[in-house]
Amino acid sequence: MEYVSALLPPVVMAAFFIGLVVTIVKSQGGPNKAKEDAAVDAALARVEAARRPDGSTAS
């Protein structure tokens, strides 16, 4: 019975990790993907504009 108590914690952790990965993969994309992408693009544009002292947006 010692092998059961030795294997139980890694098996439980592996099950939770697999569940986490499945949840993350399933939450990618979907109807909110365009909104999330737009929010990231806007944030990156603000950071890029703040870097340039003249405010130009040319790359």
Side-chain angles (χ1 to χ4, degrees):
M1 287 304 281
E2 290 179 19
Y3 62 91
V4 173
S5 62
L7 289 176
L8 187 61
V11 170
V12 171
M13 288 175 57
F16 279 120
F17 182 72
I18 290 170
L20 176 67
V21 170
V22 168
T23 302
I24 290 171
V25 169
K26 283 186 176 181
S27 68
Q28 299 300 309
N32 291 327
K33 183 173 178 19
K35 285 198 304 188
E36 292 170 0
D37 289 347
V40 169
D41 289 342
L44 289 174
R46 282 194 302 270
V47 168
E48 192 65 29
R51 274 196 202 159
R52 299 184 179 175
D54 61 354
S56 67
T57 58
S59 292

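Because the structure is a prediction, the values reported are computed rather than measured. Side chains included, hydrogens not; waters and symmetry mates left out as well; all remaining heavy atoms used.
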Show which side-chain atoms of residues 35-47 pair as donor or acceptor with protein atoms under 3.5 Å away, not counting sequence neighbours.
| residue | atom | partner | partner atom | Å |
| --- | --- | --- | --- | --- |
| D37 | OD2 | K33 | NZ | 3.2 |

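- With a 4.5 Å cut-off between side-chain heavy atoms of Ile, Leu, Val, Met, Phe, Trp and Tyr, the cluster of V11 takes in none.
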Would you list the atom pairs, donor with acceptor, under 3.5 Å between side chains in residues 20-28 and any protein atom, with sequence neighbours excluded?
| residue | atom | partner | partner atom | Å |
| --- | --- | --- | --- | --- |
| T23 | OG1 | G19 | O | 2.8 |
| S27 | OG | T23 | O | 3.3 |
| S27 | OG | I24 | O | 2.9 |
| Q28 | NE2 | I24 | O | 3.4 |

Show me the donor-acceptor pairs within less than 3.5 Å that the side chains of residues 1-9 make with the rest of the protein, sequence neighbours left out.
| residue | atom | partner | partner atom | Å |
| --- | --- | --- | --- | --- |
| S5 | OG | E2 | O | 2.9 |

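- The hydrophobic side chain of M13 is isolated, with no ILVMFWY side chain under 4.5 Å apart from it.
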